[in-house]
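Working notes for the structure below.
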Protein chains: 2
Amino acid sequence: MPIERKNIIAAARGDVPMDLVIRGPQLINVFTAEIYQADIGIKEDRFAAIAPYENGQPTFKMAGESEIDAQDKYMMPGFIDAHVHIESTMVTPDMFAREVIRHGTTTAVIDPHEMANVLGTEGVTYMVEASQGLPVQILTTIPSSVPAVPEMEHAGAAFQAEDIAKLFGLPGVVGIAELMDFPGVIKQSERMAHIVQAGLDHQMLNEGHAPRVTGRDLQAYLAAGVNSDHESRSREEVLEKLRAGMMIYIRESSASQFAHVVAEAWKEMPHAINIAMCTDDVEPNDMFHNGQMNRVVRRTIEEGVPAPLAIRFATLGGAMRYGLRDQGAVAPGYLADFILVDSLETMHVTDVYIKGQHTVANGKVIQEITSPVPPLQKNTVDLPELSEDDFHIQAPFEKGQATLTTIEFTDIGTTVQGEITVDINDGIVTDLSADYAFVTVINRHGRHEKPFVGVVKNTGLTEGAYATTLAHDSHNLVIVGKSQTDMLAAAQTLEDCGGGLCLVCDKERRALVELPIAGLMSPEPVEELAEKVDYFSKQAIKLGVSVGKRSPAMALSSIALTVIPEIRMSDMGLVDVVKQQLIPLFKTEQK
Amino acid sequence: MPIERKNIIAAARGDVPMDLVIRGPQLINVFTAEIYQADIGIKEDRFAAIAPYENGQPTFKMAGESEIDAQDKYMMPGFIDAHVHIESTMVTPDMFAREVIRHGTTTAVIDPHEMANVLGTEGVTYMVEASQGLPVQILTTIPSSVPAVPEMEHAGAAFQAEDIAKLFGLPGVVGIAELMDFPGVIKQSERMAHIVQAGLDHQMLNEGHAPRVTGRDLQAYLAAGVNSDHESRSREEVLEKLRAGMMIYIRESSASQFAHVVAEAWKEMPHAINIAMCTDDVEPNDMFHNGQMNRVVRRTIEEGVPAPLAIRFATLGGAMRYGLRDQGAVAPGYLADFILVDSLETMHVTDVYIKGQHTVANGKVIQEITSPVPPLQKNTVDLPELSEDDFHIQAPFEKGQATLTTIEFTDIGTTVQGEITVDINDGIVTDLSADYAFVTVINRHGRHEKPFVGVVKNTGLTEGAYATTLAHDSHNLVIVGKSQTDMLAAAQTLEDCGGGLCLVCDKERRALVELPIAGLMSPEPVEELAEKVDYFSKQAIKLGVSVGKRSPAMALSSIALTVIPEIRMSDMGLVDVVKQQLIPLFKTEQK
C-alpha cells in the first residue's frame, strides 16, 4: 500500500524542501475568520505547512524549490460556487472552467438543468462527461424539475424519480438540484415526493429553491429534507430560513443580486453558521466584464460582512455543505486550491493555483484547457410550420373589444398580472399601445403546435422582435415583438442556426448570437461570446428593451420562467405561478 | 417506493396534528446562536415544524396529539459526545447509554480503545455489537494505537493497518480513533503511516490526539490527514490548532479539565468554526454525581462562551465533524433528539427525547434499556506466578547504595523524572522514605513475565497497596504499594475476580471494585458501581492517596499511560515518553 502523503509530511517536518512557498501574503483564515501574514508551503497537490508571522518573521522557515513573493497580496482558498448553471454562461464546461478560474472559482457545483430540459438524460450525461478532468472541480446535482412545472409547460424531457436515480451513478454527483417545484414538495405531489425520497435513499443532498416560501410551507419544505436555498429576496426571508436551519447561498447572478439581504440578516445574527455562496446564472458578457464568485464575495464585503467571513461563506461554507473534507481552506493537509488577490475591495484575482499548479498568472490562464469530449452535435430547435398569421392574437369573434390578461414587468424585473382592453378587427388584435408588445412561447421540442400569443407590458421594446431559445426552464422559443413579420423572421433564423438569441427589425437581422449546442451553448471562448452578447444587448437597447438591470440580452426570456411569481407564459399559455394554473387570455369580450 | 416523511410533512403543513408539541420553551438555535421562545412540533421521529414567538404568540398554531408545557425550560438538541471511551465509565454500553442519556447525550462517538488493548478485534466487535439498537446512537472509531507505543509496552493485542481496515465494515464505524502515536504519524513510522493511509483510503475520519504538539510537528500531523484534537493544555495551544484547521473538542474528563483554555482561545477568535465537545474518560461516580456532556457545556458557559455557542459546539459541532446531516439541531426535518433543561447555569437535564420518544422524564430514565448481547464472559487477567519477593526491587549487588530514576507526580497530575538514593540490603531496596512507594506494571495478557518494580514519588500512599487492571492504554496490572505483602494480595484478588480495582492494607482487603468484563467493565448499573467507586476512593484517601483532583480511585493507574509526558512505566520498565525509549532504573550504584 503506497503512502500517498509521505513527501508532503516530510516537507511539513522540514526534511525535504517544499515544491512551492508563498512568502508573506496576508492569509485569510476561514476557520478562525482572521487575516494575518504567513508563509505557506505546498508540496505536491497539498498544503504541507503554514507558518504565521510573529514580529515580522515566520514562526518557522521553509525552503522551497520555487517561491513566490506575495507580500502585497491576499491569499485565500479557491472559491466554491455552491450552485451554478453552466448553460447560463452560454459556453461548454471547458470554456466555463477557463473563464471562472480567472475569477477565483476552483470548485463549481453545477445543475445542468437547461440541458436536461432540452435533452433529458443525454443532456445531463454530456455535461458530466464534458466536465471531467478540467482544472476546475465540477460536481453535479441532478436536475429535479424537468419540466419545472409539469402541468404548465412542455420541455424536451420529463424526469421521474427513477430517471433521476439512474443519473446518481455518474461521476461527481452530490445531490438533487434545486427543487423548484416547491409546491409539489410541500403538497407532496406524486412526482416530487418520489424524487425527494430518491435523494434521501441515495444519501444525496436535496437542494432547495424556495422564493418567498415562509411559515408552515417553509417548515414543510424543510421537513421533507430539502434544506438549502438561494432565492431569498428580503432580510426577513433570510432570517427565517437561517433560523429554520436552511443552508443559505448568497447569490449574485446576472439577473438577481441579493448579497445585501443576506448581509443585513447576518448583521442580526453574526454567528450564523449556515451560509455559503453561489452565482446561479451569470451571462458570458457579465462574467467576462464583472467577475463571477469574486463578485459575490466583493458585494458581500461591500454590504458590511467582514472579509474573512464573506470569504468563509465562499469557500468553507460550500465545502461543509457538500462534505468536501479537505477543501475550502488554506490548511495543512488540504488540497492546494488557492488564489491571490490584489485587494479585498476589488477582489481582483491575479493568481490561481489548483492542486498546487499555477493555473492563472497575472489574471491570465496559463494552462491549456481542453474538453474531454467534442461539442454535442444536434439541432434541437424543432418548431411547427409557422406563418405571420400565427403571431397574431386570434379572437373568437370578428370585431369588437376585449379585455386581455397581461404580463407586466415591474421596476425590479418581477412580473404582475395586468389587463388591457384592445380592439378586435378581422378576428385579430390589431394594435397595441406603446407600452405593450406581443409575446409567444413556442414549443421547440417537436410538439409542432401553433403558438399561443399574449401581451406583455413594460418590456420597453418599441419595434421589431426579440427571440431566444435560451429561456428557463423549458427553453422553448420565446419571442417578444411589435411586428408579426419580424417575429416570424426571428423564429426562422434561430431554427436555421440551431438556436440562440436573435433581434430582427423591419425584416433585417440586427443581432444574432448562435448557440448551436442544444440551443443553449456555444463552443466559443467566453471573451468572444461576450463580445457578441454585448453587441446584442446594445442592439436590444436600441430597440427599446429596458427590462433587466444587468442583462438586457436575456431579461425578456424570463417571461417563460414559470416558477417565479406571479404570472409567466409557457408553450401552453398564461401561467398563474402562485396558483399553478393556466389562465385564459381573454377576460371579457364585447362584440 | 414508500414516502418516509409523508406524515411529517403533512403535520408541518398543518393537515394532520403533530404527535407532540413542546409549548413555549426558550429554544437554543444552534445555527444562528440565538435563544428565543418557540413552539416545536414533532411527528414520528422528526421535528416537523418550529414556530418562533412574536408578541408572546407563536407565529403559527400547531395542534398536537400530546403536548408539553415547557415555558419554564430551555430546549436544545441532544448532545453529541465527539470522543468517549465507554470503558472509562466501567460499565457496558447499555448501562453507559442508560446513564449518559440522563445528562443529555443522545449520540456518542466511542473509541473502544481499552477493549481493543485487552481483547483485540474480539473486544472491538463486542463493543460495537453491544452498542446496537440502544436509545443513545453510538458511532465507533477504530482504535489506532494498539498498543499505544509498540516498542514500549505489551498489550493484549497489536493492530496493524489491515486489522483496523477489517473493522471498518462493522456497523456505525466513522473513523480511526485518536492517533495517539503522534510521533509515529509525524515521522511516518511504518505502522502509523499505513494506518493513516487505511483511513484515507476508506473515507474514514482520522481522529487526532496531539498534546503539546506545535510548530512544524503539528503541521506535519495535520498534513498527514489527522485533523482533530482534544488534548490542548493551554490557550496558545488551542489558538495554534484552531488556526491550523484542526477540529478542537472541548474536553472535561474526570482527570483532565480544559474547558477554560478553549474558552480563552475562543475569546480571541469568536468566529472560530472548528470546535466540538467531548468527555473522553469519565468515571462512573464522577458521571453519576457531576454529569457528563452537560458538565462540559456548563463549564464552557461558566468560562465565558455564550450559551448558544457552547451548545452549538456540543451538538452541531459534532454533527458537522461526523457528517450527521440531520442531527445536532432542533430544525424541521432533523431527527427529534432533544433535551429540556432547567437553567443554563446548572445545565440540569429534566427531559430527554430520542427520535421523538420520551426517554428521560424528571431526570429519570423511563424506557427499558437492554443490551442486545450478553456480557462478555472471559477472565482476561492472566498473570505470572507471583510471590512476595517479586515485588521487591532487586539490586545487582548485595549491599550498598544506589540512585534510582523515579516517577514523580506533579501538583497538576502530570509526571516528571526524578531520582532517589536508596540503601540496598540483601540485594533488595529495603526501605523508601515517606513520599515514595513501590510501583509495578505487570503484564496480564499472558506473557507470564516477572514484574519490573520501580519507585514513584508523591502518590500520597502511606500504607498498604493499590492495584488496578483498568490502566490505560495496555491495561496491564498496575500496583502501587508500601508493602510487598499487600501488593501480592491485591494482585491475587484481582486475578481471582477477573480484574477491577483493589485496595489492601495489612493483608486486609479495604475495597474492591469488580470489573469482570475484560478487567475493565462491570455489568452493573452506574449508580451501583458509582457507590462502590466512591467507597473505593474514600478508602484510597484513607490510605493517603492524594493524586487526582476528581478521581483518587483511578489517578494512580495513569502511571502506565505511556503517551503522556514525561515519564511513565509499562510492563517493560520505565518509559521516557518524550524520547520514546526505555530507561534504566539504576542510575548509579555504590557497592
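These numbers come from the heavy atoms of this one structure, side chains and all, not from hydrogens, waters or symmetry mates.
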Item to check | Presence of salt bridge, B:Arg46 and B:Asp326, under 4.0 angstrom | outcome: yes
Checklist entry - Quick one: do A:Glu44 and A:Lys355 make a salt bridge, cutoff under 4.0 Å? => result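 No, no charged N to carboxylate O under 4.0 Å.
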Item to check | Under 3.5 Å donor-acceptor, B:Thr59 side chain and B:Ala51 backbone | outcome: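 Pair absent, no side-chain N/O of B:Thr59 close to backbone of B:Ala51.
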Item to check | Backbone of B:Ala82 reached by a side-chain donor or acceptor of B:Tyr322 within 3.5 Å | outcome: yes
Item to check | ring pair (Phe, Tyr, Trp, His ring centres under 6.0 Å) assessment of A:Phe338 paired with A:Phe47 | outcome: CA-CA 10 Å; A:Phe338 66 95; A:Phe47 299 113; 5.6 Å; yes
Taking side chain as everything from C-beta outward and backbone as N, CA, C, O, which of these in [X] sits under 4.5 Å from a heavy atom of chain A? Side chain, backbone, both or neither.
X        : answer
B:Ile275 : neither
B:Ala11  : backbone
B:Asp201 : side chain

Need one label for [X]: side chain, backbone, both or neither, based on atoms under 4.5 Å from any heavy atom in chain B.
X        : answer
A:Ala193 : both
A:Glu34  : side chain
A:Leu218 : neither
A:Tyr221 : neither
A:Val226 : neither

Next on the checklist: With a strict 4.5 Å heavy-atom criterion, list every residue of residues 239-247 of chain A that contacts chain B, or say none.
Outcome noted: A:Leu242, A:Arg243, A:Ala244, A:Gly245
